[in-house]
Amino acid sequence: MPELPEVETIRRQLLPLLAGRTVVRAWLLPEAPRLPAHPPDAAAFVSLLEGRRLLSVERRGKYLLFPLNDGNVWVVHLRMTGALVHSAAGATEDRFVRARFHLDDGSLLLYRDVRKLGRMWVVGDPQQVVGKLGPEPLCEGLTAEALRSALTRRRAPVKALLLDQRLVAGLGNIYADEALHEAGLSPLRPGGSLSPAEVERLRQAIVRVLEGATGHGGTSFFAYVDARGQRGRHQLHVRVYRRQGQPCPRCGTAVARTRVGGRSTHYCPACQL
DNA sequence: CTTATTCCCTGATTGC
DNA sequence: TGCAATCAGGGAATAA
């Protein structure tokens, strides 16, 4: 489940490997059910990439953006089980590889996605895809004022609001739970009930959690691997996610699990108020 | 406008 | 041992 730290880890690894490279040949799973892509026709999609040079690797929220030398932008979202693994020709292939990108240095970028929930686009303006995303937490875009306006007068649980990419870009289920624990706030609190001091605590917790996880190369509870095919290490450092029944690292109370907004939610019932 | 629910997709896990 | 039901969750779509 790549969230911001996982996608940022992949971006940093891919940048030196892909910048300046030309896509000499591309292949996209052609048979149904297909990998969702835009344009939807696999041949048309491939033709927009072949022969183009990748100028850089950028990230917006959980989206990877690859600006092309013809002005278009290749956009990838890994969703739940997507992975972009770069390796020399002869890389590990299995039945879950859904797309291949051969580069002009002989290397190969494999797109692997067990559940085929990931998506790709080639668009003239990336705003078509990422235009509605909220502020970036790690680029000083997420100010206290921005977070306050996202939560104010909202009755939905703050956990559900943190998962809404239009309010804050990049948080998923793991880091929403972790940030709320770090801030000492219950995931069940209505968004609008947070005081200005609590909003600021939450903002700082979001930044700290995302920076910490990025420093650990992301979290690998499930299938996540980085661009080198390696697992992240942050699952060794989580405080509440998937730790129900185990002691809260802050107060020792057993971590609870419930459902918020249809998502499993983990929190300490004693010190998250 | 808001909030809640369903769907996509398949391997791993759980229940009987 | 086998098979079916459930779970994992990001985001779009739909319903209320």
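These numbers come from a predicted model, not from an experiment. Residue numbers begin at 1 in each chain, while the letters A, B, ... track the order of the sequences.
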- request: Output yes when at least one side-chain N/O atom of A/Arg95 is less than 4.0 Å from OP1 or OP2 of B/dG11, else no.
  value: yes
message: Under 4.0 Å, heavy atoms only, any strand: does A/Phe221 hit a base, just the sugar-phosphate, or nothing?
response: nothing
message: Looking at C/dC7, I'd like to know if its phosphate oxygens (OP1 or OP2) sit under 4.0 Å from a side-chain N or O belonging to A/Ser264.
response: no
field: Nearest-angstrom distance from the residue atom CG of A/Asp113 to P of B/dC9
entry: 11 Å
- request: Tell me what A/Tyr241 touches on the nucleic acid: a base, only sugar-phosphate, or nothing, going by heavy atoms under 4.0 Å.
  value: sugar-phosphate
message: From C-beta outward on A/Lys62, which listed nucleotide comes closest to its side chain: B/dT3, B/dC9, C/dG10?
response: C/dG10
A/Leu162 CG to B/dT3 P, straight-line distance once rounded to whole Å: 13 Å
message: Nearest whole Å is fine: how far is C/dA13 C1' from A/Asp164 CG?
response: 14 Å
message: I need the minimum non-hydrogen distance between A/Leu48 and A/Pro39, along with the two atoms involved.
response: CD1-CD, 3.6 Å
- line: Rounded to whole Å, OH of A/Tyr111 lies from P of B/dC9 at a distance of 13 Å
task: Compare the minimum distances between each of B/dT3, B/dC9, C/dG11 and the side chain of A/Arg115, then state the nucleotide with the smallest one.
output: B/dC9
- prompt: NA contact type, A/Arg153, heavy-atom cut-off 4.0 Å: base, sugar-phosphate, or nothing?
  reply: nothing
message: Which nucleotide wins on minimum distance to the side chain of A/Tyr63, given the candidates B/dC9, C/dG11, B/dT3?
response: C/dG11
- request: Describe the nucleic acid contact of A/Arg119 in one word from base, sugar-phosphate, nothing, applying a heavy-atom distance below 4.0 Å.
  value: nothing
- prompt: Any side-chain N or O of A/Lys116 less than 4.0 Å from the OP1 or OP2 oxygen of B/dT10?
  reply: yes
query: When the nearest nucleotide of DNA chain B is assigned to A/Arg98 and to A/Gly261 on a heavy-atom basis, which residue is associated with the more 5' position?
result: A/Gly261
task: Consider only side-chain N and O atoms of A/Tyr175 and A/Thr219, and report whether a donor and an acceptor are under 3.5 Å apart.
output: yes
task: Specify the separation, in whole Å, of atom CD of A/Gln165 and atom P of C/dG9.
output: 14 Å
- prompt: Does A/Arg154 make a side-chain N or O approach to OP1 or OP2 of B/dT3 shorter than 4.0 Å?
  reply: yes
field: Minimum-distance nucleotide (side-chain atoms of A/Val114 versus B/dT10, C/dG10, B/dT3)
entry: B/dT10
field: Nucleotide nearest A/Arg263 (side chain, heavy atoms from C-beta), chosen from B/dC8, C/dG11, B/dT3
entry: C/dG11
field: Spatial distance of atom CD (A/Glu6) from atom CG (A/Asp226) [nearest 0.5 Å]
entry: 10.5 Å
message: Tell me the interatomic distance from A/His38, atom NE2, to C/dG11, atom C1', rounded to whole angstroms.
response: 18 Å
- request: Send over the distance from A/Arg79 CZ to B/dC8 C1', rounded to a whole Å.
  value: 8 Å
field: Whether A/His216 and A/His237 hold their rings parallel, tilted or perpendicular, with breakpoints at 30° and 60°
entry: parallel
query: For A/Tyr224 and C/dG9, what is the distance between atoms OH and C1' respectively, to the nearest whole Å?
result: 17 Å
message: OP1 or OP2 of C/dG11 versus the side-chain N and O atoms of A/His77: is any pair under 4.0 Å?
response: yes
task: Check whether any side-chain N or O of A/Asp104 sits under 3.5 Å from a backbone N or O of A/Thr22 as a donor-acceptor pair, and report yes or no.
output: yes
Side chain proximity check, A/Glu93 to A/Leu108, heavy atoms < 4.5 angstrom: yes
